[in-house]
Amino acid sequence: MSGPKKQESVPSHMTTGHRSKGPVPGLAVIVMAAGLGKRMQSKQAKVLQPIAGRAMVLYSVELGLRVASIRMVVVVGHQADRVGQVIKEATAGNNGHRPVSIVEQQELLGTGHAVLQTRPLFTGSGGVFPEHFLILNGDTPLLQEATIRQLLLVHQTEHAAVTILTAQLDDASGYGRVVREPSSGNRVLRIVEDGDADANEKLICEINVGTYVVDGSFLFSALDQLQPRNVQREYYLTDIVQAAVQQGRPVAAVLLDDPNEGLGVNTRRQLAEAELAVRREIRYRWMDAGVRMIDPPSTWIDAGVTIGKDTVLYPNVMLEGRTTIGEDCIVRSGTRITDCVVGNGVEILDHCVFRESHIEDGSTLGPFTHLRPHVTVRKGAKIGNFVEAKKTDLGEGSKANHLSYLGDAKIGKGVNIGAGTITCNYDGVRKAETVIGDSVFIGSDTQLIAPVTVGAGSVIAAGTTVTENVPDDSLVISRLQQVTRPGWAAKRRAMLESPQESRPKQSVKTGRNKVHRKKSR
Ligand code: UD1
Ligand code: CA
């Protein structure tokens, strides 16, 4: 269908500089997030499904917070406590924004019913009643702030009772369709839901995005009149459009230039589509900020991540959660970093997994390093292949280059941890700490039986099991004395190679008198 091309859009000179930033006076925002999300086939409420590591509903909430001046309300219902908690956590201490109010919709009787639940918040004593309401679905994560501002502007210039956002889709199935009247300049008459649409209406390709601006004096009186006369027996918010038309009040519509922006996420397929689009935007943003990505499509960056200039990300890198990466870092392929702070000039080689750890400037990690929560790698330190660390502080310039387990350890500056070193931090019941002073040398294959302290400057000989505290500047060695038997191996070979019949009955003699002991130290 060839629909109207933004026929109610505003000339660009009116949009530029017109409230392109900050809260819009007289505006309250309502986000609907109570729905079950049946089509998602998930145990988790739909609005909590993550997109680029952030719950879907937070995209609507954060967008709303950028424009709301009076109040920001989220309607919760299905898994109300969890949804409310996620929103509270994400918006706590939200730099100067309005606090978010949470309202519960006890029975899920439709989007109109959801919005109606917010009325007590606005009609209570003391508050200023909003001039306009912006109402957002909790499942349209690709919506842009500029679009919202344009919608608000059109609403005001048209003196509309309701202004809706629409999009032209090739496949409009599942969405509410915008029914227009061709005989009267294509004005909007009503929105018909997919399930209620007749065969002709189903052919309409202009859809309702689920983003509305409603006149303050109109909203609740219109909601009061809603009737659940439809297939789903729900109170549809979308019916306020027809109500406005019937009352002879103007209805405006803004058509999206890019229909993808109006994606409503109901299914797993749509969730994957949204993820793709959000992640691409995130990558563009960081590339514009000076981050180099060798293969952008395979580079996964969550919404809450920040990255410094001239940092290079190789293919198949995943940066998750609230990770911060400094400038001039290199992150090689196959590495996943979650909720970490990484300083400047850090080199991270291939196939590392880091969580909730702090990596200071100039350090080198990987390949194949595993940092579990609460590891601090101090300036210029090195952690190499097949090293696992947990709750460990590795001091400035210290090195653990190969095959080690460092758990519950406090390691000083300039320490060398030899290959195969293990902090034995768990006795089956309790965890205990290992403390290693500055400039200690730990030889290869050392076990440190915690709790234990190794004093600064000490040397632990390879293969030692350290069970007692070590004073500063000591040597510790614990080994069985070596046994060497010259010629033993050659004799054994000769025996094994000799013909069956000539073999002696007994195996190689291991007479004590033939043992040559190394001089003990
Ligand atoms: C809705 C619109 C449809 C539009 C589509 C755009 C209605 C009746 N239909 O349909 O015209 O094309 O969005 O994506 O509004 N919710 C509640 N309480 C409820 C029901 C839903 O809070 O009782 C919330 C949901 O959590 C969701 C939003 O409202 O965030 C939309 O609900 P959903 O069921 O996804 O509506 P659609 O069928 O997609
Ligand atoms: Ca939807």
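Just follow the structure's listing: the first ligand is 1, and inside any ligand the first atom is 1. Nothing here was measured: the structure is a model prediction, and the numbers come from that model.
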Problem - Location of contacts on Val209 toward ligand 1, heavy atoms closer than 4.0 Å - result: backbone
Problem - Donor-acceptor pair, side chain of Thr323 and main chain of Cys340, under 3.5 angstrom - result: yes
Handout entry: Check ion pair Glu281-Arg285 (N to O, under 4.0 angstrom)
Key = no
Practice task
Just give me the atom name: the N, O or S atom of Asp139 closest to the Ca ion (ligand 2).
Solution key: OD2
Problem - Numbering as shown, the atoms of ligand 1 that approach Gln105 to under 4.0 Å (heavy-atom distance) - result: 17 (C), 18 (N), 19 (C), 22 (O), 23 (O)
Problem - Shortest protein heavy-atom distance from atom 27 (C) of ligand 1, along with the residue and atom involved - result: Met32 O, 3.7 Å
Fill in the blank from the handout: If you scan protein heavy atoms around atom 13 (O) of ligand 1, the nearest is Asn137 ND2, 2.9 Å
Completion exercise
Within 4.0 Å of some non-hydrogen atom of Gly176, the atoms of ligand 1 are 3 (C), 4 (C), 11 (O), 12 (O)
Exercise for the section: Compare His113, Glu234, Glu193 and give the one whose heavy atom is closest to atom 10 (O) of ligand 1. Expected result: Glu193
Exercise for the section: Give a yes or no on whether a salt bridge exists between Arg355 and Glu320, defined as a side-chain N under 4.0 angstrom from a carboxylate O. Expected result: no
Problem - ligand 1-proximal atoms of Lys46, by part, heavy-atom distance under 4.0 Å - result: side chain
Problem - Pair Arg332 + Glu347: basic N to acidic O under 4.0 Å - result: no
Problem - Any N or O of Asp139 closer than 3.5 Å to N or O of ligand 1 - result: yes
Exercise for the section: Please confirm whether Gly77 comes under 4.0 Å of ligand 1, counting heavy atoms of the residue only. Expected result: no
Problem - Best match, Thr111, Val75, Leu36: closest heavy atom to atom 32 (O) of ligand 1 - result: Thr111
Practice task
Have a look at Met40, Gln232, Arg39 and point out the one with the heavy atom closest to atom 36 (O) of ligand 1.
Solution key: Arg39
Exercise for the section: Before signing off on this row, confirm whether Leu237 and ligand 1 have an N or O atom pair separated by under 3.5 Å. Expected result: no
Exercise for the section: Specify the protein heavy atom at minimum distance from atom 4 (C) of ligand 1: its residue, its atom name, and the distance to 0.1 Å. Expected result: Asn208 O, 3.2 Å
Fill in the blank from the handout: One finds that the ligand 1 atoms under 4.0 Å from a non-hydrogen atom of Leu108 are 23 (O)
Practice task
Give a yes or no on whether the backbone of Gly110 and the side-chain of Gln105 come within a donor-acceptor separation of less than 3.5 Å.
Solution key: yes
Practice task
Return yes or no for this condition: an N or O of Tyr236 is under 3.5 Å from an N or O of ligand 1.
Solution key: no
Exercise for the section: Quick one: sort the Phe122 and Phe220 rings into parallel, tilted or perpendicular, breaks at 30° and 60°. Expected result: tilted
Fill in the blank from the handout: heavy-atom search around atom 26 (O) of ligand 1 in the protein gives Gly35 N, 2.8 Å
Exercise for the section: Answer yes or no for Thr140: is there an N/O/S atom below the 3.0 Å cut-off from the Ca ion (ligand 2)? Expected result: no
Exercise for the section: Give a yes or no answer on whether the side chain of Asp194 reaches the backbone of Gly176 with a donor-acceptor pair at less than 3.5 Å. Expected result: no
Exercise for the section: Please determine if Asp196 and Arg229 form a salt bridge, counting it only when a charged side-chain N lies under 4.0 Å from a carboxylate O. Expected result: no
Problem - Salt bridge present between Lys46 and Asp139 (N-O < 4.0 angstrom) - result: yes
Handout entry: Check: Thr299 main-chain N/O paired with Tyr314 side-chain donor or acceptor under 3.5 Å
Key = no
Handout entry: Option set Ala34, Gly110, Ala172, criterion heavy-atom distance to atom 22 (O) of ligand 1, minimum
Key = Ala34
Problem - N or O pair under 3.5 Å between Gly138 and ligand 1 - result: yes
Handout entry: Straight-line distance of Gln227 CD to Arg233 CZ, nearest 0.5 Å
Key = 12.5 Å
Exercise for the section: Heavy-atom contacts with Ala114 under 4.0 Å: which atoms of ligand 1 show up? List them by number with element. Expected result: 17 (C), 18 (N), 22 (O)
Fill in the blank from the handout: Exactly one candidate in Ile30, Leu143, Val61 meets side chain to side chain contact (heavy atoms under 4.5 Å, CB included) with Leu136; the answer is Leu143
Problem - Lys/Arg-Asp/Glu bridge criterion (N-O < 4.0 Å) met for Arg177, Glu201 - result: no
Exercise for the section: Ignoring hydrogens, just give me the one of Val178, Asn266, Leu263 whose non-hydrogen atom is nearest atom 39 (O) of ligand 1. Expected result: Asn266
